[in-house]
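Heavy-atom basis, side chains included; hydrogens, waters and symmetry copies ignored.
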Amino acid sequence: MDNTLLVFFNQTLAHPILDVLMVGFTYSLWLLPGLGVVLILARQRRVGAAILASLTVGLALTLILQFLALRPRPEHVRLVMAMPIFPSYPSGHAVAAFGVAAVLMLSYRRRDWQGLALLAACLISLSRVCLGHHYPSDILGGAVLGAAVGAACYGLIAAPHTDQAPWRWLLWPQVAVVCVVTQMAYLYILPTHLLRWPMADKALHFALFGSIAFWLNLWLGGRALYLNRWAIPLAIVIPFAFALAEESLQALSPVRAAGFDDLACDLAGMLVFWWASRQLAPPPTRSLLQA
């Protein structure tokens with residue numbers, strides 16, 4: 001599917017006019033830092049600062065992941081511009097574009113502005129596939145990571161003050177990390193040479209899913225499902241459902257291996273990190289479901 005979509009956008013749709021447009025969208029990335037500066041000068045300081053923070057953090061995470069994954073750039077493609085020297089996954093253009101789009105969409109709740117920001121992010125990202133510089137999966141990973149970083153920067157810098165701790169917005173980068181690591185595993189580009197110490201994969205399961213339960217419980221304020229006398233924390237129910245679905249998909253994948261031991265490590269991490277978050281979040285105040 002990855003190669004099929006790459007060929008479709010890079011070769012099947014090839015046209016000189018489209019090439020000019022895609023080059024323009026690619027270079028429009030350099031307007032994004034200027035947008036942050038303009039907003040700061042226009043007394044939208046917090047939004048502008050969130051944009052600049054999103055671009056900075058997104059760039060750092062992109063470089064880290066690129067040199068961990070070391071995915072080669074596409075081969076045998078139609079090149080309109082010189083191929084970048086950095087590895088392919090994830091797309092830095094997608095990270096930056098969706099990071100800025102997330103800040104703008106959360107800051108300005110008008111649908112027309114939100115639609116324009118999302119469209120611009122999609123076109124900047126798609127240009128990288130049309131020009132043959134990235135696989136579509138690079139764009140997907142970059143979009144998820146960028147949107148999460150943008151949401152976190154908005155929550156920490158530009159969001160209106162509330163009674164809830166602003167760092168609860170760090171939930172979204174943690175979710176993105178889990179999604180990106182999962183995608184890297186399916187693409188077979190995980191840096192497995194760094195995970196050769198005993199039980200490394202189990203520790204990774206424990207930490208990744210446990211961290212989601214930690215941030216999610218802070219986000220939800222300790223809410224739980226009440227089934228008779230049992231209070232089941234939503235911060236465990238939601239990520240465990242995702243982990244169960246992901247393990248089920250692994251059984252169908254030729255490059256992954258499903259196992260109850262991984263699922264047990266996921267659940268153990270969720271329980272430990274949920275307990276830790278309980279020290280910071282209030283206990284459940286109301287039930288969402290009673291039976």
Let me confirm one number: the CG-CG distance from L126 to L13, rounded to the nearest 0.5 Å.
8.5 Å
My understanding is that only one of V103, I40, L104 makes a side chain to side chain contact (heavy atoms under 4.5 Å, CB included) with L35; could you say which?
L104
Candidate pair D266 and K202, rule salt bridge (charged side-chain N to carboxylate O under 4.0 Å, His left out), full reasoning
CA-CA 8 Å; D266 294 337; K202 303 300 182 285; over 6 Å; no
Quick one: side chains of residues 165-180, donor-acceptor pairs under 3.5 Å with protein atoms, not counting sequence neighbours, listed by atom name and distance.
| unit_1 | atom_1 | unit_2 | atom_2 | d |
| --- | --- | --- | --- | --- |
| R168 | NH2 | Q164 | OE1 | 3.4 |
| Q174 | NE2 | L208 | O | 3.2 |

Take a 6.0 Å sphere around CG of L41 and say whether it holds more than 12 heavy atoms from other residues, nucleotides or ligands.
yes
Verify, without hydrogens or angle tests, whether R78 (side chain) and Q11 (backbone) share a donor-acceptor contact under 3.5 angstrom.
no
Could you tell me the separation between the CG atom of L123 and the CG atom of L21, rounded to the nearest 0.5 Å?
9.5 Å
Any Lys/Arg nitrogen of D138 or R128 sitting under 4.0 Å from an Asp/Glu carboxylate oxygen of the other?
no
Main-chain N/O of P90 paired with Q66 side-chain donor or acceptor, under 3.5 Å
yes
Distance, nearest 0.5 Å, that separates CD1 of I139 from CZ of F98
8.5 Å
Compare all side-chain heavy atoms of V95 with those of L61 and state whether any distance is below 4.5 angstrom.
no
Sequence neighbours excluded, which residues qualify as ring-ring contact (aromatic ring centres under 6.0 Å, His included) partners of Y135?
none
Can you list the residues that meet the side-chain hydrogen bond (donor to acceptor under 3.5 Å, both in side chains) rule with R43, with sequence neighbours excluded?
none
Please answer whether the main-chain N or O of P160 pairs with a side-chain N or O of R46 as donor and acceptor at a distance below 3.5 Å.
no
Rounded at 0.5 Å granularity, tell me how far OG in S277 sits from CH2 in W219.
14.5 Å
From M81 CE over to M22 CE, what is the distance, rounded to the nearest 0.5 angstrom?
12.5 Å
Check: T62 side chain, G58 main-chain N or O, donor-acceptor pair, under 3.5 Å:
yes
Atom pair CD1 (I124) and CG (L31), whose distance is rounded to the nearest 0.5 Å:
8.0 Å
Taking L118 as the starting point, is it possible to reach I51 by hopping between hydrophobic residues whose side chains are less than 4.5 Å apart?
no
Is there a chain of hydrophobic side chains (I, L, V, M, F, W, Y, each step under 4.5 Å between heavy atoms) that links F242 to I238?
yes
Would a distance-only check, ignoring hydrogens and angles, find a side-chain to backbone donor-acceptor pair under 3.5 Å from N10 to C130?
yes
Distance-only, no hydrogens or angles: does the H134 side chain make a donor-acceptor pair with backbone N or O of S88 under 3.5 Å?
yes
Heavy-atom distance under 4.5 Å between the side chains of Y89 and Q183, does that happen here?
yes
CZ of F67: more than 12 outside heavy atoms within 6.0 angstrom?
yes
